[in-house]
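One structure is given below, encoded as structure tokens.
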2 protein chains.
Amino acid sequence: MITIGKASELSGVVIETIRYYEREGIVSQPDRSASGRRIYTKVEVDNLRFIRRCRDMGLPVSQAKSLLTLTEQQDISCKSAQDIASHHLKEIKSKISELQRVESALKKLIAQCQSESKKCPILDELLSD
Amino acid sequence: MITIGKASELSGVVIETIRYYEREGIVSQPDRSASGRRIYTKVEVDNLRFIRRCRDMGLPVSQAKSLLTLTEQQDISCKSAQDIASHHLKEIKSKISELQRVESALKKLIAQCQSESKKCPILDELLSD
DNA sequence: ATACAAGCTGTAGTGACTACAGGTTCAAGG
DNA sequence: CCTTGAACCTGTAGTCACTACAGCTTGTAT
């Protein structure tokens with residue numbers, strides 16, 4: 001019998017987050033015991049793990065849900081999943097480039113700042129018109 | 001006379017965001033005209049630009065504010081600014097590494113997905129135990 | 001029986017915005 | 001002067017993805 005605590009452990013998703021995902025319809029509601037406790041199936045735990053993996057990769061929850069829906073279709077095509085993954089890969093690459101620009105700018109700023117100067121080049125540059 | 005719209009234009013910070021920064025105490029409140037409209041000085045516009053630049057670099061608002069406070073000190077030391085910048089540089093580097101890991105994982109997933117297969121390797125891997 | 005852990009729902013908060021609603025003031029044009 | 005539309009105001013609520021209670025019930029171990 002898989003209670004929510006166990007599902008959390010097995011899937012890696014925080015209990016509160018599991019409830020949130022159910023509330024938002026990201027995953028389906030599990031059956032309940034007579035006392036109202038959630039009882040998860042193995043598939044439901046797998047689904048939670050799926051969402052977590054998508055989130056770990058930086059996919060928005062809405063897209064993670066879309067991908068999960070694809071897994072539930074009998075006659076699934078790889079194409080949709082590939083499209084989503086490829087598009088997201090582009091976004092990751094773009095984000096890496098942006099962060100590399102920030103990295104360069106910070107390195108430059110820090111290099112300018114070599115002494116206990118009264119006039120700080122970092123602050124001056126951020127303030128400049 | 002610099003109204004909020006002009007301040008927004010000159011600083012690159014959205015009007016609503018300017019109001020938010022003032023509300024949160026990130027920047028000081030400007031003087032007002034007799035009718036209650038905000039009147040910004042050049043320094044106040046510079047400060048807004050400063051915050052925007054920090055935000056663009058990924059610094060949390062609280063840290064941007066700390067840096068701004070440093071600029072307002074008469075006898076400022078470069079050390080604090082350098083500490084903040086160096087620490088943030090580490091975080092940026094860490095974030096880049098993480099994204100590069102995600103990038104590799106996505107590339108691998110996509111490479112597995114080479115046909116209109118009924119069984120999608122991407123989805124399977126995300127679902128695997 | 002008792003005590004504590006695990007579970008429940010509902011609500012509110014986080015960080016950094018963002019978007020109204022409903023109102024006032026200003027500036028330009030007729 | 002009047003009208004109109006833009007710009008401004010405050011207060012509130014919403015976004016995204018959680019996260020943390022409060023106050024209550026149930027289950028388990030001793």
Side-chain angles (χ1 to χ4, degrees), chain A residues 1-41 44-45 47-68 88 91 95 98 102, chain B residues 1-41 44-45 47-68 88 91 95 98 102:
Chain A
M1 181 173 80
I2 309 175
T3 58
I4 193 169
K6 196 73 190 180
S8 172
E9 193 182 307
L10 293 171
S11 64
V13 184
V14 175
I15 289 176
E16 300 279 7
T17 308
I18 294 176
R19 291 201 192 103
Y20 164 72
Y21 287 159
E22 288 171 21
R23 212 160 47 232
E24 296 297 317
I26 310 301
V27 295
S28 58
Q29 304 263 6
D31 287 342
R32 301 291 180 109
S33 69
S35 58
R37 293 188 172 204
R38 293 165 166 82
I39 307 293
Y40 293 88
T41 62
E44 279 163 341
V45 173
N47 290 346
L48 287 170
R49 190 187 303 105
F50 183 99
I51 298 295
R52 196 204 80 228
R53 282 181 176 151
C54 293
R55 294 293 304 123
D56 285 348
M57 288 198 295
L59 275 173
V61 164
S62 56
Q63 283 195 10
K65 184 187 170 186
S66 297
L67 278 179
L68 185 60
H88 189 55
E91 288 183 341
K95 185 69 189 180
E98 185 191 323
V102 172
Chain B
M1 183 174 79
I2 307 175
T3 57
I4 194 169
K6 197 73 191 177
S8 173
E9 191 183 307
L10 292 172
S11 65
V13 182
V14 175
I15 290 175
E16 299 279 8
T17 308
I18 294 176
R19 291 201 192 103
Y20 164 72
Y21 287 159
E22 288 173 18
R23 213 161 45 232
E24 296 295 316
I26 309 303
V27 296
S28 58
Q29 303 263 8
D31 287 343
R32 300 293 180 109
S33 68
S35 57
R37 292 188 172 204
R38 293 165 167 81
I39 307 294
Y40 293 87
T41 61
E44 279 162 342
V45 172
N47 290 346
L48 286 170
R49 190 186 304 106
F50 183 98
I51 299 295
R52 197 204 80 228
R53 284 183 176 150
C54 293
R55 292 292 305 121
D56 283 348
M57 289 198 295
L59 276 172
V61 163
S62 55
Q63 285 194 11
K65 184 186 171 185
S66 297
L67 278 178
L68 185 60
H88 189 55
E91 288 182 343
K95 184 70 190 180
E98 185 192 322
V102 173

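Naming convention: chains lettered A, B, ... in sequence-line order (proteins, then strands); numbering from 1 in each chain.
- Of the side-chain N and O atoms in B:Arg38, one or more sit less than 4.0 angstrom from OP1 or OP2 of D:dT10.
- No engagement by B:Ser33 is indicated, since no non-hydrogen atom pair under 4.0 Å with the nucleic acid exists.
- Put simply, the side chain of B:Arg37 and the base of D:dA7 share a donor and an acceptor less than 3.5 Å apart.
- In this entry the distance linking OH of B:Tyr20 with P of C:dT18 reads 10 Å, nearest Å.
- Atoms OH (B:Tyr21) and P (C:dG15) sit 14 Å apart, rounded to a whole Å.
- In this structure, CD of B:Glu22 is placed 13 Å from P of D:dG11, rounded to the nearest angstrom.
- Residue A:Arg52 contributes atom CZ, which lies 12 Å from atom P of D:dC18 at whole-angstrom precision.
- Scanning for side chain to side chain donor-acceptor pair (under 3.5 Å) contacts around B:Ser62 gives an empty result, with sequence neighbours left out.
- With no hydrogens or angles considered, no side-chain donor-acceptor pair links B:Ser66 and B:Gln63 at under 3.5 Å.
- If you check residues 7-16 of chain A against DNA chain C, the residues with a heavy atom closer than 4.0 Å are A:Ile15, listed by number.
- Contacts of A:Thr3 with the nucleic acid, taken as non-hydrogen atoms under 4.0 Å apart, involve only primed sugar atoms and P, OP1 or OP2.
- Backbone-only engagement by B:Arg32 is indicated by non-hydrogen atom pairs under 4.0 Å involving sugar-phosphate atoms exclusively.
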